[in-house]
Each structure stands twice: as structure tokens, then as C-alpha cells.
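Quick one: structure below, then a few questions.
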Amino acid sequence: MVNEEILHIYQTQRKNMDTCPLRQVNYRLEKLRELYQNIVKAQAEICEALRQDLNKSATESYMTEIGMVLSEITYMRKHLKSFAKPKRVRTPLAQFPAKSFRLPCPKGQVLIISPWNYPFMLSIEPLVNAIAAGNCVMLKPSEHSPHVSAVIKKLIKATFTQNEVYTVLGGRESCSFLLDLDFDHIFFTGSTRVGKIVMQKAAEHFTSVTLELGGKSPCIVDETANIKLAAKRIVFGKFLNCGQTCVAPDYLICHSSIKRQLIQEIARQIVLQYSVDPLRNPDYPKMINPKQFNATKDLISHDNVIFGGRYNENTLKIEPTLITANFNSPSMQEEIFGPILPVLTFDNFDELLQVINTYHHPLAFYIFSSNQGRIKKALSYCNFGGGCVNDCIIHLATSAMPFGGLKHSGIGGYHGKVGFETFSHIKSIVDKKTWLDLPLRYQPYTKTKTKLIKTFVK
Ligand code: NAD
């Protein structure tokens with residue numbers, strides 16, 4: 001899309017944003033209902049696009065993309081009136097007589113930039129939050145998942161006017177062009193590298209940002225864990241979407257005494273869940289493109305494979321693979337965005353937590369254990385975005401809790417109430433009554449006034 005066209009739509013949206021019907025809560029509810037219905041109608045088309053871009057099965061597409069979006073819309077529609085209402089708060093005695101309240105208002109015109117790995121969910125969930133809060137939106141899905149981006153464009157066009165939501169198709173250049181414009185909030189999901197660019201560009205206009213980034217999320221399994229169940233859940237969380245999940249366990253670190261048993265169980269689970277030949281499993285997703293495929297398969301070598309390790313250049317599939325590693329291995333230097341799971345060991349739990357904390361704060365943190373003391377310690381001592389005890393990745397599948405990272409893994413959060421607030425500016429208002437005007441704060445000051453002020457303000 002040529003930049004003049006993007007600029008024209010941006011300017012028209014901006015000119016009309018204060019009178020945009022999305023300012024009305026009832027209209028937002030109506031639009032969310034329409035969006036829900038249009039997604040349900042387009043389900044087959046969305047699944048087909050996900051199949052083409054990532055070879056996702058219809059079940060995985062519903063479970064991790066369409067269903068997640070529908071349940072977020074349902075949650076928002078149920079709670080929106082209460083979220084959007086002015087909230088009365090206590091007024092300090094010194095301000096008597098007055099009424100104080102917090103008034104949520106739309107930020108205005110927001111930019112949403114999304115990645116390719118959950119291309120539908122990661123575009124539409126933030127959009128649902130932005131619409132619920134009453135904003136108009138420019139949405140830029142990823143150029144690497146073109147089939148899904150085309151369906152998103154169609155869906156948005158069928159549901160919203162251009163002044164309400166507009167989809168910009170295009171790559172890095174369109175994105176850079178958008179980032180030079182003045183938005184009232186930028187919501188970015190993607191790599192830490194591009195997140196930094198987004199934040200720098202936003203600073204030019206003092207624009208607030210939400211950054212949903214990545215990182216190396218550890219998965220600890222200690223010797224008290226239920227090994228069979230841990231293996232089953234780790235295989236689900238790691239190899240879903242062929243490992244292209246921002247909250248996938250990036251590396252496994254188990255107590256040295258259970259390493260053999262855990263690896264055996266994980267290998268057994270890979271076969272049970274993905275068959276003996278995952279490369280031929282029609283429901284096993286593929287790597288998004290040759291660049292990601294090559295970067296991931298290059299982590300596999302003859303020396304490090306414990307299980308799996310095969311790949312097919314023509315289909316861009318890499319089988320679920322376990323490799324040996326230590327903290328200095330190449331696989332431990334950057335986030336792995338594919339189906340490779342490095343296996344490390346520890347002997348001293350407290351030392352392990354210290355080592356984990358020397359890394360950038362991960363987006364997610366998982367611990368499999370039945371030792372409550374260790375669980376409590378790990379959750380409070382380690383810094384990370386969110387996580388699970390005795391499971392992985394499911395903490396993001398709820399509208400009742402915010403989802404987000406910390407420092408290098410992100411800034412801010414969304415989903416449910418926090419998502420509504422992310423896209424809102426909360427005005428603090430004091431409505432002062434006129435039937436009484438206490439003289440304390442006005443000059444000339446006297447000893448009595450000072451004494452009274454000290455009585456009320458402390
Ligand atoms: P990416 O950062 O390369 O791209 C994200 C978006 O930014 C795309 O829309 C792209 O067009 C745009 N972009 C890319 N380069 C740009 C540039 N130089 N200037 C301006 N815009 C640019 O990320 P990706 O490869 O699409 O996604 C993978 C990354 O996203 C991983 O690091 C993963 O951890 C992270 N991620 C995070 C979450 C989360 O919720 N925290 C979810 C999914 C993915």
C-alpha cells in the first residue's frame with residue numbers, strides 16, 4: 001500500500017476521532033457483537049488461512065486463535081459497562097465537600113502492530129481491547145502471514161468503517177512509515193529488537209506503548225515433580241505451533257537425578273502426541289519461512305541431539321527435538337523460536353534461581369514440582385512476566401488475568417480489565433460542591449489555619 005493512502009486514512013481517522021461513534025459504550029458493545037458474529041461466519045476462511053501460512057490444524061486454530069478471541073469478546077461484552085463507568089473514590093476530608101471519581105476515556109487513535117506466529121489472535125485480541133475502550137485503530141498485521149492478514153483485512157472491512165478501524169497491509173516499510181506518525185498509543189507484539197525501535201519512535205511524540213516481546217522462558221523440573229504429567233504438558237506447550245510460541249518453554253532445566261527418566265517420558269509423549277513420524281503428521285505445523293527454518297535447524301548438530309533432529313526443507317517442518325546444552329551453548333544465547341528443546345541439569349535449586357536471574361527477565365516461567373517451599377521461593381525470587389506451576393503456557397488463556405512481560409520481555413499488559421485500561425486514559429476528577437467553601441487554603445494564612453491544615457492533612 002502506498003504511503004499517501006495510509007497517510008490520508010490516518011489523517012481522516014484523526015480528524016474524526018473525537019466524534020467517532022466508538023466513543024459511545026453501547027455502540028462499542030454493538031460493534032463487538034458484530035465482530036464476534038463475523039468471526040464465527042469467517043471461521044472456515046480463518047482456519048484455511050492459518051493452514052496456508054503455518055499449516056495449523058483446524059483444532060489448533062480454534063483452540064489457540066479463534067476460540068481465544070471469541071472468549072475475550074464475550075468477556076469484554078459482559079464487563080464493558082462496569083469497566084467504562086466512572087468509579088467513585090474516597091475524597092480526602094480536606095477537600096470536603098466534594099465527590100471524586102476516576103473517569104476512563106479512550107486514548108484516541110491507536111496503532112496495533114502484530115507478528116506472524118499467532119497472526120489472528122495477536123491482531124484481534126488487542127483490537128478487541130482497543131475497541132472496548134473506545135479508540136479508533138490502525139492495525140498492521142505481519143507480512144509473513146499474508147493469508148491471515150488478507151482475511152483480517154476483509155473481516156475488519158465487513159465490521160468497521162475506515163474511520164473506526166483500518167488494516168494496513170505491508171512490511172517493515174509500511175510499519176516504519178506508521179511509526180513516524182503521531183498516535184495516542186502504540187501496542188506492539190514482536191521481537192525485542194523491533195520493540196526497541198517502536199519505543200524510540202514513540203518517544204518522539206510522547207506516545208505511550210505496550211510492548212509484548214519475547215525472551216528465553218525457563219522450565220524447571222525438580223526431583224519431586226510428577227514426571228509423567230510434566231512430560232505430557234511440556235510436550236504440549238513446547239511443540240504447539242511447531243515451537244513458534246512466545247511463551248513456549250525455551251529450555252528445560254531438570255534435577256540431574258531425573259534427567260534420564262524425564263527425557264524418556266518426553267520422547268514417549270512426542271510419539272504419543274505427534275506420532276513416530278511428526279514430519280508426516282498433517283496436523284503438525286511448519287516453520288513460517290525458510291529464514292526461521294534455517295535459523296532453527298542450525299541449532300541441531302550430530303553432537304547434541306538426544307531425540308528427534310530430522311527436518312524437511314521442502315515442507316519447512318522440523319520434528320520435535322531434544323538437544324543437550326549448558327548455559328554457554330549456542331542454543332542458550334537467544335530465544336529459540338522453533339521445536340528445539342535444550343535440556344540442562346541442576347543440582348542446587350537455590351543456585352539455579354540465582355543463575356536464572358542473571359538473564360533478562362523472561363516472558364514466562366514454569367516450575368514442575370511438588371515442593372511448595374521451592375515453588376513459593378521461585379515465584380517470588382525470579383523476575384518474569386507470568387507463568388504456571390506444574391503446567392505451561394495456559395496462563396495466557398484467561399481474560400481474568402493480565403498478560404505481559406517485564407523489561408526485555410515487554411512493558412504493560414492486556415486481556416480483560418487490564419486490556420481495557422491499557423487503551424484508556426483514566427481522568428481523575430474532583431467535583432467540588434458550591435454550597436460550602438472552607439477558607440483554610442486561602443491567604444492570608446493564620447496560626448489557626450495552619451493548625452487546622454495540619455489536623456486535616458497528615
Ligand atoms: P518482528 O519484531 O520481526 O515483527 C513484528 C512486527 O514488526 C511485524 O508486523 C513487522 O512488520 C514489524 N517490523 C519488523 N521489523 C521492523 C522494523 N525494522 N521497523 C518497523 N517495523 C518492523 O517479530 P516476528 O518475527 O513477527 O515475531 C516473533 C517475535 O515476536 C518473537 O521474538 C516472539 O517472542 C515475539 N512474540 C511475542 C509475543 C507476546 O505476546 N509477548 C507473542 C508472539 C510473538
Side-chain angles (χ1 to χ4, degrees), residues 1 3 6 53-54 64-65 68 72 111-126 129 138-146 148-149 152-153 167-181 183 186-202 204 209-217 238 240-250 287-293 295-296 334-338 360-365 384-387 393 395-397 401-415 418-419 422:
M1 184 184 290
N3 290 344
I6 301 177
D53 286 334
L54 287 145
T64 64
E65 305 234 27
M68 296 262 294
E72 180 73 9
L111 172 63
I112 296 174
I113 304 168
S114 54
W116 49 263
N117 61 331
Y118 290 85
F120 185 74
M121 188 261 286
L122 294 173
S123 300
I124 308 297
E125 274 207 24
N129 291 184
M138 301 279 281
L139 172 64
K140 214 302 274 164
S142 174
E143 66 277 26
H144 299 297
S145 41
V148 175
S149 297
I152 288 175
K153 184 151 179 107
T167 314
V168 177
L169 296 185
R172 184 183 291 213
E173 275 145 43
S174 309
C175 203
S176 295
F177 181 77
L178 284 165
L179 286 170
D180 281 332
L181 302 175
F183 284 94
I186 301 175
F187 187 102
F188 171 82
T189 308
S191 61
T192 302
R193 183 185 64 81
V194 182
K196 194 181 257 188
I197 298 174
V198 171
M199 204 168 169
Q200 281 164 346
K201 295 259 194 167
E204 292 293 326
V209 291
T210 305
L211 302 177
E212 298 284 340
L213 312 175
K216 289 190 84 62
S217 301
K238 175 68 190 183
L240 188 74
N241 198 23
C242 193
Q244 300 166 116
T245 303
C246 57
V247 286
D250 187 273
M287 300 299 290
I288 187 75
N289 55 32
K291 190 174 162 219
Q292 288 293 126
F293 173 85
T296 307
E334 275 184 35
E335 175 187 22
I336 299 170
F337 220 52
H360 289 318
H361 306 330
L363 182 59
F365 180 94
F384 55 88
I393 80 169
H395 62 291
L396 68 77
M401 291 199 291
F403 174 70
L406 187 70
K407 288 197 43 114
H408 285 73
S409 60
I411 293 178
Y414 71 128
H415 292 176
V418 170
T422 286

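One-based numbering, in listed order, for ligands and for the atoms of each.
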What pairs of donor and acceptor atoms, side-chain ones from residues 209-216 against any protein atom, are under 3.5 angstrom apart with sequence neighbours left out?
from: T210; atom 1: OG1; to: H185; atom 2: NE2; distance (Å): 2.7
from: K216; atom 1: NZ; to: D250; atom 2: OD1; distance (Å): 2.5
from: K216; atom 1: NZ; to: S331; atom 2: O; distance (Å): 2.8
from: K216; atom 1: NZ; to: E334; atom 2: O; distance (Å): 2.7

* Asked: Short list, please: which atoms of ligand 1 are under 4.0 Å from a heavy atom of N117?
  -> 43 (C), 44 (C)
* Asked: Nearest heavy atom to atom 10 (C) of ligand 1: which of E143, E334, Q244 does it belong to?
  -> E143
* Would you indicate whether the side-chain heavy atoms of D53 and W116 approach each other to under 4.5 Å? => no
* Which of the atoms in ligand 1, numbered in the order shown and given with their element, are less than 4.0 Å from a heavy-atom of C175? -> 12 (C), 20 (C), 21 (N)
* Asked: Can you find a protein heavy atom under 4.0 Å from atom 41 (N) of ligand 1?
  -> yes
* Structure fact -> In ligand 1, the atoms that come under 4.0 Å of a heavy atom of P115 are 24 (P), 26 (O), 27 (O), 43 (C), 44 (C)
* Asked: Taking only heavy atoms of T189, which atoms of ligand 1 are found under 4.0 Å from at least one of them?
  -> 5 (C), 37 (C), 38 (C), 39 (C), 40 (O), 42 (C), 43 (C)
* Asked: To which protein heavy atom is atom 36 (N) of ligand 1 closest, and what is the distance rounded to 0.1 Å?
  -> C246 CB, 3.5 Å
* Check each heavy atom of E335 against ligand 1 and say whether those closer than 4.0 Å belong to the side chain, the backbone, both or neither. => side chain
* Pick whichever of S191, S217, S114 has a heavy atom sitting closest to atom 8 (C) of ligand 1. => S114
* Asked: Which bit of Y118 is near ligand 1, meaning a heavy atom under 4.0 Å away: side chain, backbone, both or neither?
  -> neither
* Which heavy atom of the protein is the closest neighbour of atom 22 (C) of ligand 1, given with residue, atom name and distance? -> V194 CG1, 3.5 Å
* Can you say whether the rings of H415 and F403 are parallel (under 30°), tilted (30 to 60°) or perpendicular (over 60°)? -> parallel
* Asked: Should you measure from each heavy atom of I113, which atoms of ligand 1 turn up under 4.0 Å away?
  -> 6 (C), 7 (O), 9 (O)
* Structure fact -> For K153 and T167 the tightest heavy-atom approach is NZ-O, 2.9 Å
